Number of protein chains: 2
Amino acid sequence: MAATSGAGRPEKRKAITRAATAVFGREGYVRASMDAIAAEAGVSKRTVYNHFADKETLFLSVALESSGELTEKIRDLVDRHLGKIVDLRQDLTDFAVDRARAVLSAGDHGALGRAIRAEVANIPADVLEAWLEAGPVASLRDLAERFEALAGRGLLVVDDPALAAEQFTLLTFHGVAERSFWGAVPVPDEEVGRIAALGVDAFLKIYGAPAAG
Amino acid sequence: MAATSGAGRPEKRKAITRAATAVFGREGYVRASMDAIAAEAGVSKRTVYNHFADKETLFLSVALESSGELTEKIRDLVDRHLGKIVDLRQDLTDFAVDRARAVLSAGDHGALGRAIRAEVANIPADVLEAWLEAGPVASLRDLAERFEALAGRGLLVVDDPALAAEQFTLLTFHGVAERSFWGAVPVPDEEVGRIAALGVDAFLKIYGAPAAG
DNA sequence: GTCTATAATGTGATAGAC
DNA sequence: GTCTATCACATTATAGAC
């Protein structure tokens, strides 16, 4: 906290973090320059250093922030698609498609996630853990809770909800993530839909309730 | 070819590519310096530039080379573990564990794969395609062929061997790859084994022959 | 091997805006 | 008065040419 904050107007700080998110996502940590971030934020470089101690602090700060925001976005998708089940297969597929889009679409937080994954060897262990906890791990937990509820209603047969959530994510999301290199290379919408549908097929073979076939 | 080759002893060239693989893998593309590569190869920087036009050419060259070598390694594992099936579940699990180790173990080609994934936005499309074709896509095809053979012998029920190979890889490998950030963060052996076993469980629920239970 | 050109981070100093 | 923009600056590191 003490290192990241300081004096200054909050609006400036917001402009800086938004610019940093964009530039780090576009260029990656090493290539991104503080000059470029300052320019994109419309402030002077001095002002950036007034708000953030150094480049690394700025990067880790926006990484954590962005991680939490993406988790909230995904939580909304979980609620929207898996809150009230109409057609389980369809709802799961829709969720898979929307999540892939939310994480991997170009302009968004996904680009920063790519930068973080690229820099992971240079990120302090405790910060990395905090990022995981605010991001991927939290989303997995949200999904696991939902699966547990669905199992309670007899729609799924699930022993270990955390495992089911992870395997659902692997089958419906990681194939797209890998193919698009976490959003760096575009994947056509129809391809995303196809992969999601096939992933849900496989998932339901593992965890589907026999009644629903 | 013309850009990557030149005069000079082949032994020097080999030393350079080996050093470049190590340094690029350790530091990533941007951070790696040509000085460090020359030093690690035990040659002068001038010699490096005699063999490779520039930094980018050197990187792309070792990327392709390493991709092919890793594919061969994995092909050996496919043959060893899935050539003669003794206990299908056990053989699949052993293969999954060995592959994860081969790709993600620290000193190996896996580190370079991480660097490539980090740089993917700056890699020319045709080179990226060649890298995919020599690496991940080729390995997937090898595995698909093997699954098709196993299906022919009644050990698996497989409609689409390519899909089965991809889903096997997702279930048994990508969970570890993601958790370790493609080898940047170590994952305990027992955790790798646990994930592999759970992945094979799921895979056999989808594709297992009913006879074998 | 040496040298040049370039570009990066982070630091002052000063003068102006809210 | 406090925060800001502008400019200049020292330091360091790099790619690549001679």
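Note that this is a predicted model, so its numbers are computed, not measured. We name chains A, B, ... by the order of the sequence lines, and we start the count at 1 in each one.
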| message | Can you measure Phe52(B) atom CZ to dA17(D) atom C1' for me and round it to whole angstrom units? | response | 19 Å
| task | Hey, could you give me each pair passing salt bridge (charged side-chain N to carboxylate O under 4.0 Å, His left out) that has a residue in residues 183-202 of chain B? Not counting sequence neighbours. | result | Arg89(B)-Asp201(B), Arg101(B)-Asp189(B), Arg179(B)-Glu191(B), Glu191(B)-Arg194(B)
| Atom OH of Tyr29(B) and atom P of dT14(D): how far apart are they, to the nearest Å? | 14 Å
| Interatomic distance, Glu56(A) CD vs dA8(C) P [rounded to whole Å] | 19 Å
| Please give, in whole Å, the distance from dA15(D) P to Leu58(B) CG? | 11 Å
| query | How long is the line joining CZ of Phe59(B) and P of dG16(D), in whole Å? | reply | 14 Å
| Within residues 115-125 of chain B: residues closer than 4.0 Å to DNA chain D (heavy atoms) | none
| Is there any salt bridge (charged side-chain N to carboxylate O under 4.0 Å, His left out) pair reaching into residues 45-62 of chain A, and which pairs are they, with sequence neighbours excluded? | Asp35(A)-Lys45(A)
| remark: Correct closest heavy-atom pair for Leu60(A) and Pro124(A) would be CD1-CD, 4.2 Å
| task | Using whole Å, report how far NZ of Lys55(B) lies from P of dT14(D). | result | 9 Å
| field | Non-neighbouring partners of Phe59(B) that pass ring pair (Phe, Tyr, Trp, His ring centres under 6.0 Å), sequence neighbours left out | value | Phe24(B), Tyr29(B)
| request: Round to a whole Å and report the spacing from CG of Asp54(B) to P of dT14(D). | output: 17 Å
| task | Apply salt bridge (Lys or Arg N to Asp or Glu O under 4.0 Å) to Arg80(B) and list each qualifying residue two or more places apart in sequence or on a separate chain. | result | none
| field | Distance under 6.0 Å and angle within 45° of ring axis: Arg117(A) vs Phe181(B) | value | no
| field | Distance below 4.0 Å between His51(A) side-chain N/O and dC3(D) OP1 or OP2 | value | no
| query | Cut-off 3.5 Å, side chains only: do Thr169(B) and Arg99(B) have a donor facing an acceptor? | reply | yes
| request: Using the six-membered ring wherever Trp is involved, compare the ring planes of Phe168(A) and Phe203(A) and label them parallel, tilted or perpendicular (cut-offs 30° and 60°). | output: perpendicular
| task | Go through residues 32-49 of chain A and report each residue with a non-hydrogen atom lying under 4.0 Å from DNA chain C, sorted by number. | result | Ala32(A), Ser33(A), Met34(A), Asp35(A), Lys45(A), Arg46(A), Tyr49(A)
| Interatomic distance, His109(B) atom NE2 to Glu65(B) atom CD [nearest 0.5 angstrom] | 8.0 Å
| task | Quickly work out the Lys12(A) NZ to dC3(D) P distance and round it to whole Å. | result | 13 Å
